[in-house]
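All residue numbers in this chain count up from 1 along the given sequence. Below, each value reflects all heavy atoms present in this structure, side chains not excepted, and no hydrogens, waters or symmetry copies.
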Amino acid sequence: MKYISVLIQHHAGPTGNVLIGKNSGGVWEFPHGVQRTNETGEEVAERIAWEQLGMKITVDKLTMTGHKRPTDGTVEHIACGNITHNTHTKCDYHNYYEAVNKWQSEPAGTVYTEYKWVHPSELGQYTFAGDDENFMAKYDPWINGRYIPECRMP
């Protein structure tokens, strides 16, 4: 099964604020959903934004993919283009796409109890859980200027 999360930026670039939502458990997360049969990752990202937030987005690059280990369920996040281990279709994946808020609109969904536009350098100050927590452990160094890989949006 493939899970897709979307890092929606208010405007393109490494300094564009990113949208996060607080779930009913009080934990912050990126908008996400499950990939349906015959859907591309980009189509899933667009559907998630529209169905959950009422937003039109322009999907850019796959930033990171998470390979969920079938033995213990932990997720190893790998920067796109850097997959070096043997993967197979029986594993679950969690892909993170970057996107831009096409209409510069505000989220209007009921999936989350609260929404925030957060500067990328401040994302590390929020509590994430599950796959998003593992993702932030790898993503946070990029956004704080220590290393910004080429797969970031221009």
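The shortest side-chain heavy-atom distance between Asn101 and His11 does not fall under the 4.5 Å cut-off. Looking at Asp60 and Tyr97, their side chains never come closer than 4.5 Å, going by heavy atoms from C-beta outward. The shortest side-chain heavy-atom distance between Val118 and Asn17 does not fall under the 4.5 Å cut-off. Two residues are said to be in side-chain contact when any heavy atoms from C-beta on lie closer than 4.5 Å; Leu53 and Leu19 meet this criterion. Side-chain contact between Trp117 and Pro107: present, with at least one pair of heavy atoms (C-beta onward) separated by less than 4.5 Å. Here the side chains of Lys2 and Arg36 are not in contact, with every heavy-atom distance at 4.5 Å or above. Looking only at side-chain heavy atoms (C-beta outward), Asp132 and Asn134 stay at 4.5 Å or farther from each other.
Of all the heavy atoms in Ser5 and His32, the pair that sits closest is OG-CB, 3.3 Å. The two residues Glu106 and Met55 come nearest to each other via the heavy atoms O-CG, 4.3 Å. Across Ala45 and Ile57, no two heavy atoms sit closer than the pair O-CD1, 3.5 Å.
The salt bridge (charged side-chain N to carboxylate O under 4.0 Å, His left out) contacts involving residues 108-120 comprise Lys22-Glu114, where partners must be two or more places apart or lie in separate chains.
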Chi angles and distances behind the side-chain contact (heavy atoms from CB on, under 4.5 Å) call for Phe30, Val6: CA-CA 6 Å; Phe30 299 105; Val6 190; over 6 Å; no
Is there a side-chain contact (heavy atoms from CB on, under 4.5 Å) between Glu29 and Tyr112 once you walk through the steps? CA-CA 9 Å; Glu29 60 188 23; Tyr112 298 104; 2.9 Å; yes
Does the pair Phe135 and Phe128 meet the rule for a ring pair (Phe, Tyr, Trp, His ring centres under 6.0 Å), with working shown? CA-CA 9 Å; Phe135 168 76; Phe128 293 90; 8.5 Å; no
Working note: Val100 + Ile8, criterion side-chain contact (heavy atoms from CB on, under 4.5 Å); need CA distance, chi angles, decisive distance, verdict. CA-CA 5 Å; Val100 176; Ile8 301 172; over 6 Å; no
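Cluster annotation: Val27 and Val18 are assigned to distinct hydrophobic clusters (Ile/Leu/Val/Met/Phe/Trp/Tyr, side-chain heavy-atom contacts under 4.5 Å, transitive).
We find the OG1-CH2 distance between Thr127 and Trp28 to be 10.5 Å, quoted to the nearest 0.5 Å. Taken to the nearest 0.5 Å, the OG1 atom of Thr58 stands 13.0 Å off from the CD atom of Glu98. Atom CD in Glu42 sits 13.0 Å away from atom CZ in Arg47 (nearest 0.5 Å). Taking CD of Glu51 as the start and CD of Glu46 as the end, the distance is 12.0 Å to the nearest 0.5 Å.
Applying the side-chain contact (heavy atoms from CB on, under 4.5 Å) test between Ile4 and each of Ile48, Leu62, Val34, Thr40 identifies Ile48 as the sole match.
Remark: the backbone N or O of Glu39 is paired with a side-chain donor or acceptor of Gln35 at under 3.5 angstrom.
Applying the salt bridge (Lys or Arg N to Asp or Glu O under 4.0 Å) criterion to Lys56, with sequence neighbours excluded, gives no partner residue.
Between Tyr96 and His94, the ring-plane angle classifies as parallel under the 30° and 60° cut-offs.
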